[in-house]
Structure formats: structure tokens, C-alpha cells
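To start, the structure under review is shown below, and the notes come after it.
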Amino acid sequence: GLIIHVISVIIYFSGIFGQLLVTISMTFFSEQSQIYVGILFVSYFDHYLTIPGALASLFTGIWLALRTHWGGLTKYYWILTKWIGNMFAIILGSSITGNVVYNLFPQILSSNLHPLQNPLYFQSRKMLFLGISISFSLLTFLVVISYIKLGEREKLGEGFPMQACAVIK
């Protein structure tokens with residue numbers, strides 16, 4: 001359970017980070033083919049890494065909270081914070097990033113205008129950068145919470161999460 005959760009968070013983080021890098025790189029693209037490939041890569045990162053990683057980390061996180069000695073979603077405020085933060089990142093991702101990737105980018109790709117002459121491209125790129133930056137910052141914050149809080153629990157002698165795997169039935 002814990003290993004699947006950690007792997008799903010890594011996949012989620014990799015997808016968001018990859019999208020961020022490609023979106024930043026797209027500001028330096030001038031060729032139409034480069035811009036199209038950048039759009040394609042952002043959608044691939046979203047479809048194959050970010051979405052599956054986000055959903056898997058959400059479900060495995062809930063499962064770990066309910067099935068281990070952590071006592072559910074509301075016993076510790078940091079677990080509740082992580083759950084709400086992940087839900088917010090998923091909603092933000094589906095509303096901003098999803099809208100740009102699945103609604104606006106296809107309009108840009110099907111237009112006869114060069115993307116650098118299309119105001120929709122610049123607006124979409126800014127929206128995408130903003131949404132991905134917020135999601136990346138939020139995800140980083142959630143990982144830091146885990147590291148700090150689990151380290152505190154280890155110091156208190158309550159055990160590190162690897163020991164929690166033994167109590168999962």
C-alpha cells in the first residue's frame with residue numbers, strides 16, 4: 001500500500017514537473033512544429049502521468065489513512081490537509097490544465113493562424129503556466145508536510161510508515 005502510494009506520488013510529481021518544463025520551454029519556441037510538439041507533450045504528460053498519478057495518490061492515501069494506525073482522515077490535521085490539498089490540486093488541474101489541454105489547444109492546432117499570431121495561444125500558455133505552477137507548488141507543500149510530520153512521529157516513537165505496512169490486513 002505505502003509503496004504504491006509513494007510511486008503514484010512520484011508519477012504525479014513527474015507529470016506536473018514535466019508539464020511545467022515543457023510549458024516554460026514553449027516560451028522560447030518560434031517554429032510552428034516546435035509549438036505543436038510542445039502542446040502534444042503537455043497533453044501526454046497530463047494524460048499518462050499527471051491524471052493517473054493524482055488519482056492513484058488520492059485513493060492510496062485515503063486507503064492508507066483508513067487502514068493503518070493513523071486513524072482515518074480526520075485524526076491528524078496534516079492528513080486532512082493533504083487530502084484536501086490533493087483534491088484541490090485535482091480540481092484545479094481538471095479545470096485549468098484540462099480546459100487548456102483538451103479544449104483550447106485543439107482550437108489552436110486546427111487554426112490556420114501560426115500560434116505566435118494567435119492570441120488564444122498566448123492566453124492558453126499563460127493559463128497553463130499559472131495552473132501548473134500552483135499545482136506544482138501545492139504538491140511540493142504536501143510532500144514537505146509528509147516528510148516533516150512523519151519525521152516528528154518517528155522522533156516520538158510512533159513509528160515510521162513502513163511499520164504501518166505490517167498492520168495492514
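Any value given below was found using the heavy atoms of this structure, including those in side chains, with hydrogens, waters and symmetry copies removed. Fair warning: this is a prediction, and the values are worked out from it, not measured in the lab. Numbers here simply count residues along the sequence, with the first being 1.
Side chain to side chain, Y76 and K82 fail the donor-acceptor criterion of an N or O pair below 3.5 Å.
Between F136 and F13, the distance from one ring center to the other falls under 6.0 angstrom.
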CA sep, side-chain torsions, deciding dist, call: L20, F129, side chain to side chain contact (heavy atoms under 4.5 Å, CB included): CA-CA 7 Å; L20 185 62; F129 179 74; 3.8 Å; yes

Pair I96-L128, side chain to side chain contact (heavy atoms under 4.5 Å, CB included): steps then yes or no: CA-CA 7 Å; I96 293 179; L128 187 64; 6.0 Å; no

Side chain to side chain contact (heavy atoms under 4.5 Å, CB included) evaluation trace for L58 with W83: CA-CA 7 Å; L58 175 69; W83 183 73; 3.7 Å; yes

Check against side chain to side chain contact (heavy atoms under 4.5 Å, CB included), L104 and Q123: CA-CA 10 Å; L104 299 178; Q123 177 189 5; 5.7 Å; no

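Shortest non-hydrogen contact noted between Q19 and T50 is OE1-OG1, 3.3 Å. Closest approach of S124 and V100 over heavy atoms only: O-CG1, 3.7 Å. Between G85 and L138, the shortest heavy-atom distance links the atoms O-CD2, 3.2 Å. The minimum heavy-atom distance between G131 and T97, with the atom names listed, is C-OG1, 4.4 Å. Nearest heavy atom pair, residue S135 against residue I16, reads CB-CD1, 3.8 Å. Of all non-hydrogen atoms in S43 and V101, the two that sit nearest each other are CB-CG1, 3.4 Å.
Classified by interplanar angle (parallel below 30°, tilted 30° to 60°, perpendicular above 60°), the ring pair F45/F41 is tilted.
In this structure the side chain of L116 reaches within 4.5 angstrom of the side chain of I35, judged on heavy atoms. Side-chain atoms of D46 and Y102, non-hydrogen and from C-beta on, do get closer than 4.5 Å to each other.
In this structure, CD in Q107 is found 15.5 Å from OH in Y121, a value given to the nearest 0.5 Å. Distance check, rounded to the nearest 0.5 Å: CD1 of I10 to OH of Y12 gives 14.5 Å. Here the OH-CE distance, from Y36 to M26, works out to 11.0 Å after rounding to the nearest 0.5 Å. Taking CG from L55 and CG from N86, the interatomic distance works out to 8.5 Å, rounded to the nearest 0.5 Å. With rounding to the nearest 0.5 Å, the separation of OG in S8 from CG in L49 is 12.0 Å. F141 contributes atom CZ, which lies 10.0 Å from atom OG of S146 (distance to the nearest 0.5 angstrom).
Cluster annotation: I3 and V9 are assigned to distinct hydrophobic clusters (Ile/Leu/Val/Met/Phe/Trp/Tyr, side-chain heavy-atom contacts under 4.5 Å, transitive). A continuous path of Ile, Leu, Val, Met, Phe, Trp and Tyr side chains, each step under 4.5 Å between heavy atoms, connects I11 with M87, placing both in one hydrophobic cluster. Hydrophobic clustering, with ILVMFWY side chains joined whenever heavy atoms are under 4.5 angstrom apart, groups L21 together with M127. Residues F17 and Y48 do not share a hydrophobic cluster, clusters being chains of Ile/Leu/Val/Met/Phe/Trp/Tyr side chains in contact below 4.5 Å. Transitive grouping of hydrophobic side chains (ILVMFWY, heavy atoms separated by less than 4.5 Å) keeps L40 and L120 in distinct clusters.
Side-chain N or O atoms of S111 include none that pairs as donor or acceptor with a backbone N or O of I108 at under 3.5 Å.
Around CZ of F29, the count of heavy atoms belonging to other residues, nucleotides or ligands within 6.0 Å exceeds 12.
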